[in-house]
Amino acid sequence: QVQLVESGGGLVQAGGSLRLSCVASGSIFRLNVIAWYHQAPGKQRELVADISSSAYTNYADSAKDRFTISRDNAKNTMYLQMNSLKPEDTGVYYCNAKIQRSRFHVESTYWGQGTQVTVSS
């Protein structure tokens, strides 16, 4: 089994910063593309940023110049540094990872349980 566990959410004032973490555990042969998604209240889940195993990154326009995604492959951990937070960044943040459990498994997609971020104006 594979689990993704996020942490680091909380309440912050507009203009503040938070650092989210996501740890992947369990049977992991290869951790491929990992990503962070944001689901605002009453809206669909949307991609914030992703990072490949080679550290190529991709950001949503709303996250460019404010958020930084990174990964520590030795720890099977990924991060999302969020700066200059805005009230519209409020919502649940989910980590997502494409993982190959062994050389005999195909890649599958896994989700964390989410961590709440609330940005007050």
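These numbers were taken from a predicted model, which means no experiment stands behind them.
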Take atom CD of E46 as the centre, draw a 6.0 Å sphere, and report whether it contains more than 12 heavy atoms from other residues, nucleotides or ligands. no

Flag side-chain contact, heavy atom, 4.5 Å: V48 against M82: no

Flag the pair Y59 / I51 as yes when at least one side-chain heavy-atom distance between them is below 4.5 Å, and no otherwise. no

Does the ring center of W111 lie less than 6.0 Å from the ring center of Y37? yes

Should L18 and Y94 be regarded as members of a common hydrophobic cluster, given that ILVMFWY residues are connected when their side-chain heavy atoms come within less than 4.5 Å of each other, either directly or indirectly? no

Looking at E6 and Q113, would you say the former's side chain and the latter's main chain have a donor-acceptor pair under 3.5 Å? yes

When clusters are formed by joining ILVMFWY residues with side-chain heavy atoms under 4.5 Å apart, either directly or through shared neighbours, do M78 and V2 land in the same one? yes

Short question: side chain of S27, backbone of R101 - any donor-acceptor pair under 3.5 Å? yes

Any chance you could measure I99, atom CD1, to N76, atom CG, to the nearest 0.5 Å? 7.5 Å

Test your reading of the model: is there a side-chain donor-acceptor pair from T90 to the backbone of V119, 3.5 Å cut-off? yes

Short N-O contact, K64 and D61, less than 4.0 angstrom: yes

Check whether any side-chain heavy atom of V117 lies under 4.5 Å from a side-chain heavy atom of L20, and answer yes or no. yes

Does CD in Q3 sit with more than 12 non-hydrogen atoms of other residues, nucleotides or ligands closer than 6.0 Å? no

Once you round to the nearest 0.5 Å, how far does OG of S121 lie from CD of Q13? 9.5 Å

Given the rule that I, L, V, M, F, W and Y join up when any side-chain heavy atoms are under 4.5 Å apart, are Y93 and V23 in one cluster? no

Would a 4.5 Å heavy-atom cut-off, applied to side chains only, mark R30 and S53 as touching? no

dist S52:OG -> N58:CG (nearest 0.5 Å) comes out at 10.0 Å

In the structure I gave you, are the side-chain heavy atoms of L4 and I34 within less than 4.5 Å of one another anywhere? no

Closest non-hydrogen atom pair, A35 against L47: CB-CD1, 3.8 Å

dist T68:OG1 -> Y79:OH (nearest 0.5 Å) comes out at 14.0 Å

Can you name the closest pair of heavy atoms from D89 and H38 and give their distance? O-NE2, 3.2 Å

Identified side-chain contact (heavy atoms from CB on, under 4.5 Å) counterpart of L31 within the set K98, R71, Q100: R71

So, S54 side chain and Y56 main chain: donor-acceptor pair closer than 3.5 Å or not? no

Student check: side-chain heavy atoms of H105 and F29 closer than 4.5 Å: no

Side-chain H-bond candidate by donor/acceptor type, N83 with S17, under 3.5 Å: yes

